Every structure is written in structure tokens, then in C-alpha cells.
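One structure is given here, and the rest of the page talks about it.
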Amino acid sequence: AQSVTQPDIHITVSEGASLELRCNYSYGATPYLFWYVQSPGQGLQLLLKYFSGDTLVQGIKGFEAEFKRSQSSFNLRKPSVHWSDAAEYFCAVGNSNFGNEKLTFGTGTRLTIIP
Amino acid sequence: GAGVSQSPSNKVTEKGKDVELRCDPISGHTALYWYRQSLGQGLEFLIYFQGNSAPDKSGLPSDRFSAERTGGSVSTLTIQRTQQEDSAVYLCASSFSRGNNQPQHFGDGTRLSIL
């Protein structure tokens, strides 16, 4: 069964500092990997996705993530955070086989930005 | 174009009552998903529709939960004889077609509170 671990429940960073949110997955084959962001009272917005190919993927809002098969990781990074980045971030893994169309989410990392 | 629309945005009901939650997917999207987001359980998959059929109902927590989709568009999630543990945010997502390489687009959810 597929699973996702986000080891950091809450992270606080200063505005302008760099950010890395960790995500580890468990899946037998090549996974489909996603990062979503959720602001309070809102649904999830897709930041970026990895299916195959280049292991460094670029997303919206200046975010990027790197797929590392050897470490089963898909960490999210941003070189300089803005106050508007404060939100909850979810990593998710999807099965690459048809017939199992669902995402398995991590428990989320809440990001707080301080001035 | 419009995104995924869910109604109502908030629902408060008494224990034992039935509730219906509605999801209107993005026009042209054939795949539709329901997830539940609760404090103790995070984001959990409930059910997936491809067109009007539901190939995967594996996430429905009990037989009190059911869902249908008509005309390949709008979906309704019904919870019968609600219990307090049903309190959660119910999120709907749609994607262009089946397969996890089709990103899922989420609505803002229905916040359900059982008194």
C-alpha cells in the first residue's frame, strides 16, 4: 500500500528565508507525486507534480521539488518565502496504474511566517 | 472557467439526521473524487467516480455513507443517521480523465458539524 510521511507538523520561518518541507513516500513502483497547498477555509491548490523525467520540477508561486528515488523523498523548496506563503502544505502520492485512482496524502505541514 | 463547486459550504445538523453534500465538477472532467479531512485522520479518500460509475468505493467508512453521480457531472454524497465522528470537511475533486497523471482540482469543501 502507498503511504506518505511528512515528518514536520509545524515549521516557522522568517520572511525572506529559504524553506524546505520534507516528504517521504512508500510505493512499489515509480510514483506520481504532488504537493498541494491549503489556505484556511479553502480547498487544496496544486503547487507542482512529478510523473517522470527531470527529477527537479518547478511549480507555481516560486516553489520547486526534487524527486530522489534513492531516498524515497520529494521535498518542497522555496528560496525566499513571502508572508502569503503561510498555509498548510500536503504531499501526496498517486498510483501509476489505472484502476487505483486515488491520492494518499501526508498529514500536512503547517507553515508560519514571521516578520 | 469555473472551478469545482461544493454546496453547502457549511452544514450543521443534529446527530441522527441525514445530510446530502453536493459537488459540481469542472465542466468536461470525467473523473470525480470525494475525500474527508478531519483533525484526527488527515485527508482520507472516500470514493472515486469515472463517469457515472464508481470503480472504487473502498474509502467509504460505513454503509451509512453513499454517493452517486448522474449525467457524468454533479455528484451527491449522502450520510445517513449522522454521528458526531462524521464531523469533518468533505472535499470534492475532479480531473480531466482517469489516471493519477491527471491532476485533481479541489473545491473549497463542505464543513459538516454534527451536534
Side-chain angles (χ1 to χ4, degrees), chain A residues 1-10 23 25 27-53 57-60 65 67 74 87-110, chain B residues 2-10 21 23-26 29-51 53-60 67 88-111:
Chain A
Q2 59 204 43
S3 66
V4 177
T5 301
Q6 292 180 250
D8 303 306
I9 297 173
H10 185 203
C23 172
Y25 68 89
Y27 181 63
T30 299
Y32 293 158
L33 294 162
F34 306 83
W35 274 99
Y36 283 87
V37 61
Q38 185 179 37
S39 298
Q42 309 230 316
L44 280 72
Q45 181 183 22
L46 180 66
L47 285 177
L48 47 78
K49 59 188 183 291
Y50 171 79
F51 296 150
S52 64
V57 293
Q58 304 296 322
I60 62 171
F67 171 61
F74 188 57
E88 185 121 23
Y89 291 79
F90 293 92
C91 182
V93 62
N95 196 307
S96 54
N97 296 324
F98 283 128
N100 194 356
E101 281 86 345
K102 63 184 176 186
L103 296 181
T104 299
F105 287 86
T107 50
T109 296
R110 184 160 59 93
Chain B
V4 177
S5 178
Q6 292 188 246
S7 61
S9 54
N10 285 283
L21 312 180
C23 173
D24 205 337
I26 293 173
H29 280 196
T30 63
L32 186 147
Y33 308 79
W34 283 98
Y35 293 87
R36 179 169 71 174
Q37 185 175 26
S38 55
L39 281 177
Q41 302 297 324
L43 269 156
E44 307 170 277
F45 167 80
L46 296 178
I47 187 170
Y48 152 66
F49 287 92
Q50 176 59 35
S53 65
D56 190 350
K57 307 179 184 179
S58 63
L60 294 178
V89 176
Y90 290 81
L91 292 166
C92 176
S94 70
S95 61
F96 180 71
S97 64
R98 66 180 304 190
N100 280 320
N101 59 343
Q102 300 293 328
Q104 296 180 24
H105 301 267
F106 284 79
D108 287 342
T110 294
R111 181 174 298 276

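Here the structure is a predicted model, which means the values were calculated and not measured. Numbered from 1 within each chain, the chains take letters A, B, ... in sequence-line order.
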Contact origin within B:Ser9 toward chain A - heavy atom pairs under 4.5 Å: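 Neither the backbone nor the side chain of B:Ser9 comes within 4.5 Å of chain A.
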Under 4.5 Å from a heavy atom of chain A, the part of B:Leu91 involved: side chain
Modelled atom types, side-chain donor and acceptor of [X] and [Y], under 3.5 Å:
| X | Y | result |
| --- | --- | --- |
| B:Gln104 | B:Tyr35 | yes |
| A:Asn95 | A:Tyr27 | yes |
| B:Thr30 | B:Gln50 | yes |

Derivation and outcome, side chain to side chain contact (heavy atoms under 4.5 Å, CB included), residues A:Phe67 and A:Val57: CA-CA 8 Å; A:Phe67 171 61; A:Val57 293; over 6 Å; no
A:Gln38, part contacting chain B, at a heavy-atom distance under 4.5 Å: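 It is the side chain, since no backbone atom gets that close.
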A:Leu44 versus chain B, the contacting section by heavy-atom distance below 4.5 Å: both
Between B:Gln37, B:His105, B:Gln102, B:Glu44, the one whose heavy-atom pairs under 4.5 Å with chain A are most numerous: B:Gln37
Pairwise side-chain contact, A:Leu46 with B:Phe106, heavy-atom cut-off 4.5 Å (strictly under):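 Of all side-chain heavy-atom pairs linking B:Phe106 with A:Leu46, none is under 4.5 Å.
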